[in-house]
Amino acid sequence: MPRIRKIPPALQAEIEKDVVRPFFAVGINLPDPVFIWTGSGEISFADADWVGIGSEEGKCIGSLESIGESTDGSAPGVKVTIVGIPSEHRDHIEEQAVRGADFRVYIGALNETRQIVQAYKLLTRAKLDSYQIVDGVDLSVIVTGESRMLDQRRPSIKRYTDAAQQKKYPGDRFFEYMPQLPSIPILWAKAKQDAVL
């Protein structure tokens, strides 16, 4: 597992205790946001309420592949599998998946009751890349997120058009007459002006 840089002091203190109650949490900022964690019940942290996908016996219903860190400049992603979703939610899940949605993975520690977060840290932040629904008695959803480092390899294409400007700044008319500019004659002054008597 990659070394976690800059662990918050509160999380470091929890890790050093004799008994540690760790958890992982995944947040995907879809139109109907998904905030799940590897336990049972609900917990609150990072300005959100998180729903447990684990059983009462502490068995996690899902998996999180290891989050890698490369030294060669490649951008490893993250893959999360959620199982045990009732089949009636299939259409809703398909409608919700939006490529490029914010995708975050947290690690944290709970108190003795396992319902209050003592400390947490954002492990990785990615963008939703793909999802796959696997049918069975219940549904399984496999979600992958791509690293934001991939954006460094993509060209940034900006269009200086009225439509692009309206999308970014509604009501701004700066580029409204841009298409007519090439056809407008511009009268320039002569290089040498005649003396006026």
Side-chain angles (χ1 to χ4, degrees), residues 1-5 22-110 114-115 117 120-159 164 167-168:
M1 185 161 171
R3 184 171 56 100
I4 300 173
R5 297 191 189 109
F23 70 90
F24 284 101
V26 175
I28 308 174
N29 195 19
L30 299 172
D32 185 6
V34 174
F35 297 106
I36 55 176
W37 71 286
T38 55
S40 60
E42 284 193 12
I43 58 174
S44 296
F45 71 95
D47 300 324
D49 295 324
W50 303 74
V51 177
I53 59 167
S55 65
E56 291 296 331
E57 298 81 31
K59 187 177 175 184
C60 177
I61 306 174
S63 68
L64 170 66
E65 287 194 4
S66 62
I67 301 167
E69 185 176 85
S70 65
T71 56
D72 62 356
S74 62
V78 61
K79 183 176 179 181
V80 175
T81 303
I82 307 163
V83 299
I85 302 170
S87 56
E88 63 263 19
H89 297 300
R90 186 185 219 293
D91 292 340
H92 183 66
I93 292 168
E94 284 186 330
E95 291 169 5
Q96 290 297 305
V98 177
R99 193 162 190 252
D102 190 45
F103 188 122
R104 298 179 187 206
V105 179
Y106 293 87
I107 187 172
L110 301 167
R114 298 184 184 271
Q115 296 301 313
V117 176
Y120 65 91
K121 175 174 176 46
L122 176 65
L123 271 184
T124 187
R125 185 173 178 184
K127 291 184 176 180
L128 181 65
D129 182 37
S130 66
Y131 76 98
Q132 176 186 0
I133 298 175
V134 180
D135 289 309
V137 177
D138 291 323
L139 299 177
S140 297
V141 179
I142 302 169
V143 184
T144 58
E146 65 179 17
S147 172
R148 295 180 304 156
M149 291 191 320
L150 287 176
D151 289 340
Q152 296 174 359
R153 297 183 190 166
R154 294 186 180 120
S156 178
I157 300 172
K158 294 183 180 177
R159 305 281 185 217
K167 186 175 180 180
K168 194 166 184 180

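Remark: the backbone N or O of Phe24 is paired with a side-chain donor or acceptor of Thr38 at under 3.5 angstrom. Counting only distance, with no hydrogens or angles, the side chain of Gln115 and the backbone of Ser40 share a donor-acceptor pair below 3.5 Å. Remark: the backbone N or O of Asp129 is paired with a side-chain donor or acceptor of Arg99 at under 3.5 angstrom.
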CA sep, side-chain torsions, deciding dist, call: Val143, Ile28, side-chain contact (heavy atoms from CB on, under 4.5 Å): CA-CA 10 Å; Val143 184; Ile28 308 174; 4.0 Å; yes
side-chain contact (heavy atoms from CB on, under 4.5 Å) between Asp102 and Lys127, intermediate numbers included: CA-CA 5 Å; Asp102 190 45; Lys127 291 184 176 180; 5.9 Å; no
Residue pair Lys79, Ile142: steps toward the side-chain contact (heavy atoms from CB on, under 4.5 Å) verdict: CA-CA 7 Å; Lys79 183 176 179 181; Ile142 302 169; 3.4 Å; yes
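Looking at residues two or more places apart in sequence or on another chain, you find a side chain to side chain donor-acceptor pair (under 3.5 Å) between Thr144 and Ser130. Val117 is linked by a side chain to side chain contact (heavy atoms under 4.5 Å, CB included) to Phe23, Ile43, Phe45, Leu110, Tyr120, counting only residues two or more places apart in sequence or in another chain. The side chain to side chain contact (heavy atoms under 4.5 Å, CB included) test applied to Glu94 returns Arg90, Asp91, Tyr131, Ile133, not counting sequence neighbours. For Phe35, the side chain to side chain contact (heavy atoms under 4.5 Å, CB included) partners at least two apart in sequence or on another chain are Pro33, Ala48, Trp50. By the side chain to side chain contact (heavy atoms under 4.5 Å, CB included) test, Val51 is found to be paired with Glu42, residues two or more places apart in sequence or in another chain being considered.
With a 4.5 Å cut-off on side-chain heavy atoms, Asp32 and His92 count as touching. Taking the side chain as every heavy atom from C-beta outward, Arg104 and Leu122 approach each other to under 4.5 Å. Residues Val141 and Ile93 meet the side-chain proximity criterion, which asks for heavy atoms closer than 4.5 Å.
From Ile53, atom CD1 reaches atom CD1 of Ile36 across 4.0 Å, with rounding to the nearest 0.5 Å. Separating the CG atom in Leu139 from the CD1 atom in Ile82 is a distance of 11.0 Å, to the nearest 0.5 Å. Taking CG of Asn29 as the reference point, atom CG of Leu128 lies at 10.5 Å (rounded to 0.5 Å). Here the straight-line distance linking atom NZ of Lys121 with atom OH of Tyr106 works out to 10.5 Å at 0.5 Å rounding.
Pairing each heavy atom of Gly145 with each of Ala126, the nearest pair is C-CB, 4.0 Å.
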